[in-house]
Amino acid sequence: MVHKLAFLTGLTASLVSAQQIGTLTPESHPKLPTKRCTLSGGCQTVSTSIVLDAFQRPLHKIGDPSTACTVGGPLCPDAATCAANCALEGVDYASLGVKTEGDALTLNQWVSDPSNPGQYKTSSPRTYLVAEDGKNYEAVKLLGKEISFDVDVSNLPCGMNGAFYLSEMLMDGGRGELNAAGAEYGTGYCDAQCPKLDFINGEANINKTHGACCNEMDIFEANARAKSFTPHPCSIERVYKCTGDTECGQSQGVCDQWGCTYNEYQKGVHDFYGLAPPAKTIDTTQKFTVTTQFLTDNGREDGVLVEIRRLWYQNGKLIKNAAITVDGKSTDSVSTQFCEKTSSWTMQRGGLKTMGEAMGRGMVLIFSIWADESGFMNWLDAGDSGPCSATEGDPKLILQKKPDARVTFSNIKWGEMGSTYASAGKYGVRRVAKGLSA
């Protein structure tokens with residue numbers, strides 16, 4: 001879908017990224033420990049952390065913090081000159097609405113504006129999981145595995161999106177001669193929307209000539225009223241610079257911007273997820289666990305991805321995903337057959353097979369929160385997609401009613417099938433996908 005493109009357009013209108021390292025504000029990554037799990041050995045803690053996206057950092061003339069660098073401006077007319085003149089700074093994470101406590105990460109959409117007491121300013125942070133070395137992104141490889149996390153969306157009203165997803169960014173963030181900062185400072189963003197950013201892999205993209213394309217797996221995009229999960233495969237590997245509307249677009253482009261989405265609300269199942277009352281199977285007024293399994297044709301990491309399966313856990317109960325009917329057959333997952341029936345555009349880019357190949361190579365885990373100025377997040381939670389009205393997702397209205405809009409992700413772990421969640425029994429491991437059933 002075009003949702004992230006709207007987010008990035010708004011973000012880069014006021015914020016820029018850089019590649020050299022500034023000295024004004026030291027960078028200190030908030031700790032966010034995660035776990036790696038096996039059936040035989042249980043879960044072991046890994047000392048990971050997070051880093052804020054480079055587009056949300058100050059970019060200024062080296063040695064002169066008062067002089068901003070603007071891509072295409074006198075200090076940044078081309079990639080090489082920009083790298084020589086401009087520096088990317090560290091940030092105060094708390095002031096930008098980013099907080100970690102133990103294994104929990106909380107992201108706030110708005111933060112208090114110190115220059116205007118009683119007023120708020122937009123933060124909308126996007127953060128990446130950093131490896132133990134503190135220099136590179138954690139390479140998350142989920143083919144033939146599963147990932148689980150706890151999430152609290154109770155403070156995300158209509159129009160908000162708390163996202164937990166993967167993109168096939170470079171693990172070093174594109175660190176190189178023109179990008180000394182790299183992943184340590186959050187460079188290198190890309191996704192299946194092929195956004196035309198000021199920088200691609202930390203190098204200036206003058207006139208936004210190119211788009212930053214890569215495979216994207218949206219594991220969880222949600223608020224308290226609606227949610228979805230969506231693979232977005234691309235016909236290219238890792239970060240690709242597309243050129244022109246055709247190559248960067250949905251119709252004939254290298255990436256599937258729309259994706260193969262699973263949203264049971266669109267198929268008439270309206271009592272599975274949401275605020276209670278009335279009662280829902282997943283009560284979003286409380287924290288719950290999301291487990292996503294990436295099943296292969298042979299049940300191993302060297303197989304072909306054929307099914308993406310979802311399980312839930314809340315109040316001591318393991319819960320199967322809501323089943324829907326597609327072409328007269330029942331399903332509760334995204335399978336090759338599901339995408340063939342619902343998303344021809346996904347199959348044109350190789351379908352789940354291509355998505356799985358990216359997951360086998362390793363992808364970057366991303367946590368974000370955002371509001372949608374242009375479309376009010378209707379694609380996620382209004383009309384056929386959810387119970388929200390077409391206008392209540394207006395960020396201006398949300399700010400008035402819910403200035404503390406936030407999401408919390410915690411207890412993040414991944415590993416072998418059935419190793420990351422409680423009661424891996426009745427609805428646990430399904431080694432080979434079944435797809436649509438009669």
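This chain uses plain numbering: 1 for the first residue, then up along the sequence.
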Worksheet item: Are a donor atom and an acceptor atom from the side chains of Tyr240 and Glu247 found within less than 3.5 Å of each other?
Response: yes
Practice prompt. Report yes if some heavy atom in the side chain of Leu380 is under 4.5 Å from a heavy atom in the side chain of Asn161; otherwise report no.
Written response: yes
Practice prompt. Using modelled atom types only, decide if a donor and an acceptor are shared between the side chain of His60 and the backbone of Gly22 within a distance under 3.5 Å.
Written response: no
Discussion item. Whether the side chain of Ser419 engages the backbone of Glu416 through a donor-acceptor N/O pair (distance < 3.5 Å, no angle test) should be reported.
Written reply: yes
Discussion item. Using every non-hydrogen atom in the two residues, find where Met347 and Glu340 come nearest and quote the distance to one decimal.
Written reply: CE-CG, 3.7 Å
Item to complete: Assess the cysteine pair Cys43 / Cys37: is their SG-SG separation shorter than 2.5 Å?
Response: yes
Item to complete: Mark yes or no for whether Thr292, through its side chain, and Ile219, through its backbone, hold a donor-acceptor pair below 3.5 Å.
Response: no
Discussion item. Could you check whether the SG atoms of Cys234 and Cys255 sit less than 2.5 Å apart, since that is the cutoff I want to apply?
Written reply: yes
Worksheet entry | Qualifying residues under salt bridge (Lys or Arg N to Asp or Glu O under 4.0 Å), relative to Glu132, sequence neighbours excluded | none
Worksheet item: Under 3.5 Å, side chain of Ser123 to main-chain N/O of Leu96, donor-acceptor pair present?
Response: yes
Worksheet item: Does the side chain of Gln56 come under 3.5 Å of the side chain of Asp53 through a donor N or O and an acceptor N or O?
Response: no
Discussion item. Using only atom types and a distance under 3.5 Å, with no angle test, would you say the side chain of Asn179 pairs donor to acceptor with the backbone of Asn201?
Written reply: yes
Discussion item. Strictly distance-based, threshold 3.5 Å: is any side-chain N or O of Lys280 a donor or acceptor partner for the main-chain N or O of Phe272?
Written reply: no
Fill in: Short side-chain to backbone donor-acceptor contact, Asp113 and Tyr120, under 3.5 Å
no
Worksheet, complete the sentence: For Lys61, the salt bridge (Lys or Arg N to Asp or Glu O under 4.0 Å) test, sequence neighbours excluded, returns none
Worksheet item: For the residue pair Phe229 and Tyr262, is the inter-centroid distance of their aromatic rings smaller than 6.0 Å?
Response: yes
Worksheet item: Can Lys227 and Glu221 be counted as an ion pair, charged N to O under 4.0 angstrom?
Response: no
Practice prompt. Taking atom types as modelled, find out whether Glu138 and Thr48 have a side-chain donor-acceptor pair closer than 3.5 angstrom.
Written response: no
Worksheet item: Can you tell me if Asp394 and Thr391 form a side-chain donor-acceptor pair at under 3.5 Å?
Response: no
Worksheet item: For Cys248 and Cys213, is the interatomic SG distance under 2.5 angstrom?
Response: no
Worksheet entry | Axial cation check for Phe294 ring with Arg309, 6.0 Å and 45° limits | no
Worksheet item: According to the interplanar angle, ranging from 0 to 90°, do the rings of Phe164 and Phe149 count as parallel (below 30°), tilted (30 to 60°) or perpendicular (above 60°)?
Response: parallel
Fill in: Flag, side chain of Thr420 to backbone of Trp414, donor-acceptor distance under 3.5 Å
no
Discussion item. Quick check on the 6.0 Å ring-centre criterion: do Tyr165 and Phe367 meet it?
Written reply: no
Practice prompt. Ignoring hydrogens and angles, tell me if any N or O in the side chain of Ser343 forms a donor-acceptor pair with the backbone of Thr346 under 3.5 Å.
Written response: no
Worksheet item: Do you know the tightest heavy-atom contact between Gln250 and Trp345?
Response: NE2-CB, 3.3 Å
Practice prompt. Would you kindly say whether the two SG atoms, from Cys242 and from Cys194, are closer than 2.5 Å?
Written response: no
Worksheet item: So, does Thr284 use its side chain to make a donor-acceptor pair with the main chain of Gly274 at under 3.5 Å?
Response: yes
Worksheet item: Taking atom types as modelled and ignoring hydrogens, do the side chains of His232 and Asp218 form a donor-acceptor contact shorter than 3.5 angstrom?
Response: yes
Fill in: Parallel, tilted or perpendicular: ring planes of Tyr137 versus Tyr128, cut at 30 and 60 degrees
perpendicular
